[in-house]
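Shown next, in structure tokens, is the structure this report addresses.
Residue numbers begin at 1 in each chain, while the letters A, B, ... track the order of the sequences. If you're wondering where the values come from, they're calculated on a predicted model, not measured in any experiment.
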Protein chains: 2
Amino acid sequence: MASVVRQCCSYRTLKRRLPILAWLPQYSFQWLRMDLLAGVTVGLTVVPQALAYAEIAGLPVQYGLYSSFIGCFVYCFLGTSKDITLGPTAIMSLLVASYACHDPVYAVLLAFLCGCIQLTMGILHLGFLVDFISYPVIKGFTSSAALTIGFGQVKNILGLCDIPRQFFREVYYTFHNIAETRVGDLVLGLVCVFLLVLLKMMKNQLPERSGHQPFLNRVCSNIVRFTGTARNAVVVVAASLVAYSFESQDQHVFTLTGKAARGLPPFRLPSFSDSVSNGTVCFTEMLQNFGAGLAVVPLVGFLESIAIAKAFGSANILGSFLSSYPVTGSFGRTAVNSQTGVRSPAGGIATGVVVLLSLAFLTPLFFYIPKAALAAVIICAVSAVFDLRIVAVLWRVKRLDLLPFLASFLGCFWEIQYGILAGIALSGTILFFNIARPEIKISDYGTVIVQLQSGLNFPAVEYVCDQLYQRLLEASPPSSVILDCLHVSSIDYTTVNGLRELIQTFQRKKVCLLFSNFQPKILSILTSAEIEGLRHFDSTEAALRHLHGDDYTHNLEESEEPLLNRHEGFYS
Amino acid sequence: MASVVRQCCSYRTLKRRLPILAWLPQYSFQWLRMDLLAGVTVGLTVVPQALAYAEIAGLPVQYGLYSSFIGCFVYCFLGTSKDITLGPTAIMSLLVASYACHDPVYAVLLAFLCGCIQLTMGILHLGFLVDFISYPVIKGFTSSAALTIGFGQVKNILGLCDIPRQFFREVYYTFHNIAETRVGDLVLGLVCVFLLVLLKMMKNQLPERSGHQPFLNRVCSNIVRFTGTARNAVVVVAASLVAYSFESQDQHVFTLTGKAARGLPPFRLPSFSDSVSNGTVCFTEMLQNFGAGLAVVPLVGFLESIAIAKAFGSANILGSFLSSYPVTGSFGRTAVNSQTGVRSPAGGIATGVVVLLSLAFLTPLFFYIPKAALAAVIICAVSAVFDLRIVAVLWRVKRLDLLPFLASFLGCFWEIQYGILAGIALSGTILFFNIARPEIKISDYGTVIVQLQSGLNFPAVEYVCDQLYQRLLEASPPSSVILDCLHVSSIDYTTVNGLRELIQTFQRKKVCLLFSNFQPKILSILTSAEIEGLRHFDSTEAALRHLHGDDYTHNLEESEEPLLNRHEGFYS
């Protein structure tokens, strides 16, 4: 007892629970320099993205920034990977749009509940349930979401307004209203996309850093590298300057972001009711409105990154006190972080400070950001996620896996929760079918040897027994049977019961049934169940020797044809 | 192509689809005699049970009989087992009571939908999903249902009325109103229970049939055997006679069944809407009212007997045209059928005719059946199902399985669907945890040999890879690794992808990773995925020989301690 308490309170346990203790003691000035650089670079990426993602989520722009800083601080204390950055992501914003009905009160409450569910899953060790979402399902969902998000920005590049948000209607009305395209938005949007792609390519073309280059070369390549990495900020700032110069001459050629609330969000409990024009919506009604969102949002939160339930859950709960909507790990910014050479999770503090500063001082300037520029940022961010090459790979490797992929890909256009659920259900069904209907190999050497090709989980028991009855007992005369259970790795009461019935049936029909190759732990469970007539041998050879004597097994390996006449009536 | 058509139309396929063709050609007079006897005996059991079960289902008594004959006829054509009898059962009636709201229109529509769902499951080969309901869950559910049904009849034995049907309130009000007990009902009920138990025991005490007994002995024991087998009918008829003699003297000491509609049910489509006092309930509303019933009722239909989707589905659909509520295979009557020596499914025709005759001619007499006698029939029928010995067995064999048992047992008192779902969810979680977190055995012989103790299904991949990274790559210096995949029996794209990442990570860290013991079909999938750097050997020994040369493996089996120094930097 005392040792348990000591173990719980030991420095090692504390370090596991609060990972900052693992790296803080080694922190150095060199690390600080690198973390600062990386943190600020990520900050320059996250600020324009946050504004754009708030648009996807259907919330006022400042909510994107509200969601962007608390994750950085939380992850600094609880995070185990130096690279990961928490914050709003395109896909999560899409989910928030569909579950929070474009109402900040709903979005913030969703963050709180999502955090609670994630924390609970972490505490109950239910994270393994996330592993039942297979890779094809994730690929289908993310590709579908990327296409939905990307196409959703086409209207901003064209400068169209009043386009509905449901995917199919959005596509229809975008093309229907295409004649109303505003030239200014279109030109600016295309230029921004072009610039973003160009800057990214330039950065990728740069040679590796080395000390042997001349000073001027080094400075130039550093400038290119920095502009390339912070390209989102560069492009948005440039586009805003252009927009400002036009606006100051009273020429309204661009659709602008408009007014954003200034200052930091208040620290307060999320609101558990919502006041609408005709009264108040109570908590249970809000819960019902979330519906499947309460399952989908926390799960997707785990999907986009490694399952760190603790950090993600805490970030969402704390975030909801600061008007954040649900956040998760961002692939894109994690890559930026890693490439800029971050050394510890402390980099997140720099990122968080950049976001806070922009909230405090830059919000009046956000007015002039053209929506087309933000749309360009989003399109470039999600284009990396859209990837249909997997179809060819699945076709080559495992065609059956195309089913869950397609279900998830196509279903998500209709509604995200249906797509994900259909994908999970299909890949689950394939998995469950394999579990419930294991392959059985039957070879006849006079004595029939039955090999289970995989484990014997409870859903498979009745099937295996039925197969044995049909294929062995109905033969006339039935021969002795050895059931090779090499691959059986776990056993429960349903299985024990099935084996008991199997043995009884064989005894009743007076056919000899031997077992071989049970693992010791399985055997001890079977022993505790006191099954009458269970006869086990450590190997199939030993069982064969028991039936036929020594000389029999010698030839067994070499010959494929039946070696002895049928051995009949062992029990008779 | 032609051969496929020929195969589809062959006599053998036809025989599989219409099993009557398999036994009809061999039918003999001797069989007819036995089938007639057994069929009539089952008929004498089913008629009183049907009246009683209609009471459980909360429907007018004749609906029990409506549900009792069509299953017999259908099973005669489609059935594969000579013993099974289809019809109303106590547990199914309990489900009908909770989902059909005591309204015959709902009950009949439920039968139709249940049949459609069962047929669909049969056609899509989804029967394997039923296997995911483990034995402890079934036991918990049936014991709970038996207790609910049995206690529900106590009020009829006590002659109480106006007792609510929800279990907890039923218990409360039965004891609350116990002072209002009617002596006549109580005495009659107890006498009936006593008689039923006595007759059953007498029958069980009879010696085996043999030709050597004197004639008088044989006659006596045949009378006892018949009375024992048809004890339900005997007791109900006797009780009705007693009741009639009292009633004819205008002494109302027993609660009687009362008026039952006479004659056969009409043949018509089930009604897809319901007219209530204040308007009409449309089909979609009725569907919503069924709710989870549409999953639970078809599943339980499969549970109570072997999953013969075709026969059960057809019986329910056809039955719904004849005002039947959902039916399934009856354990009790199947036993009666088997013990009376039925020879073919044709016995069902005799049973069906008995039911039809009683519907046509006996309904006026049903008026006099005392409710207490029917309650006695039910209590004796369900007492065999209630069985808590499994708790002791589970405690001894596999304690973890007590959880799904208890969830299902206790949950079903509250509401059946929650109990079953909680049980399935718990046993599923235990199973899924084993699948997602397989045991890994790591042994260090200089080279580390990692043995997967069970299959590598997709939910397990990330976990296994993480374990290998944590336990092998973080060692310094890391040693070469052989991953023994003997137990891997199926593989999908998520797994392939995980293995690809595993190999890449080991290559990046310049640690040698070899695979061994893949089955040929697995290996061919891995080959088609063109994984770079996959190095496979047919056995762990071959992999070891490749790393260390021949002499190494010789000693391996005998020694447990590391045999060679660490083998470092195979890739370097």
Side-chain angles (χ1 to χ4, degrees), chain A residues 125-126 128-139 306-307 390 393-394 396-398 400-402 405 427 429-439 452-455 457-463 466 486-498 519 521 525-526 528-530, chain B residues 125-126 128-139 306-307 390 393-394 396-398 400-402 405 427 429-439 452-455 457-463 466 486-498 519 521 525-526 528-530:
Chain A
H125 294 280
L126 291 178
F128 76 90
L129 289 177
V130 178
D131 293 340
F132 279 84
I133 310 179
S134 68
Y135 189 77
V137 175
I138 298 176
K139 270 286 176 187
I306 308 150
I390 190 181
V393 179
L394 286 179
R396 212 174 60 228
V397 177
K398 184 105 179 177
L400 203 57
D401 278 1
L402 275 171
F405 170 80
S427 63
T429 307
I430 296 171
L431 171 67
F432 297 161
F433 188 81
N434 281 330
I435 291 169
R437 298 289 177 265
E439 212 181 305
L452 294 174
Q453 300 287 314
S454 61
N457 293 299
F458 75 79
V461 176
E462 208 179 308
Y463 167 78
D466 281 349
L486 174 65
H487 296 300
V488 175
S489 59
S490 69
I491 200 164
D492 69 352
Y493 183 67
T494 312
T495 315
V496 170
N497 216 39
Q519 292 170 19
K521 62 172 183 183
I525 292 178
L526 288 174
S528 75
E530 294 168 8
Chain B
H125 294 279
L126 292 177
F128 75 91
L129 290 177
V130 178
D131 293 340
F132 278 83
I133 310 179
S134 69
Y135 190 77
V137 174
I138 297 176
K139 270 286 178 190
I306 308 149
I390 190 181
V393 179
L394 287 180
R396 211 175 61 228
V397 177
K398 183 101 180 182
L400 202 56
D401 277 1
L402 275 172
F405 170 80
S427 61
T429 307
I430 295 171
L431 171 67
F432 296 162
F433 188 80
N434 281 329
I435 292 170
R437 299 289 177 266
E439 213 181 302
L452 295 174
Q453 300 287 312
S454 61
N457 292 299
F458 75 80
V461 175
E462 205 178 310
Y463 167 77
D466 281 350
L486 175 66
H487 296 299
V488 176
S489 58
S490 68
I491 199 164
D492 70 353
Y493 184 68
T494 312
T495 316
V496 170
N497 216 39
Q519 293 171 19
K521 61 171 183 184
I525 292 178
L526 288 175
S528 74
E530 294 169 7

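- Neither the backbone nor the side chain of B:Thr495 comes within contact range of chain A; no heavy atom of the residue lies under 4.5 Å from a heavy atom of that chain.
- We find the CD1-CG distance between B:Ile390 and A:Asn497 to be 7.0 Å, quoted to the nearest 0.5 Å.
- Between B:Phe132 and A:Phe458, the angle of the ring planes goes over 60°, which puts this pair in the perpendicular group of the 30/60° scheme.
- Distance check: B:Ser489 OG to A:Leu452 CG gives 10.5 Å after rounding to the nearest 0.5 Å.
- Residue contact with chain A, scored on non-hydrogen atoms closer than 4.5 Å, involves the backbone of B:Ile133 exclusively.
- The two residues B:Asp131 and A:Pro459 come nearest to each other via the heavy atoms CB-O, 3.1 Å.
- When the candidates B:Leu486, B:Asn434, B:Val461 are compared by the number of heavy-atom contacts under 4.5 Å with chain A, B:Leu486 comes out ahead.
- Contacts with chain A were tallied for B:Glu530, B:Lys398, B:Gln519; B:Lys398 has the most, counting heavy-atom pairs under 4.5 Å.
- Of the listed residues (B:Ser427, B:Ala436, B:Ser134, B:Gly455), the one with the most heavy-atom contacts under 4.5 Å to chain A is B:Ser134.
- Considering only heavy-atom pairs separated by less than 4.5 Å from chain B, the leading option among A:Arg396, A:Gln453, A:Glu439 is A:Arg396.
- Formation of a donor-acceptor pair under 3.5 Å by the A:Asp401 side chain with backbone atoms of B:Tyr493 is found in this model.
- Residue contact with chain A, scored on non-hydrogen atoms closer than 4.5 Å, involves the side chain of B:Leu431 exclusively.
- Here the options are A:Val496, A:Ile491, A:Asp492, the test is side chain to side chain contact (heavy atoms under 4.5 Å, CB included), and the partner is B:Val397; only A:Val496 passes.
- Contact of A:Ser490 with chain B is made through the side chain alone, with heavy-atom distances under 4.5 Å.
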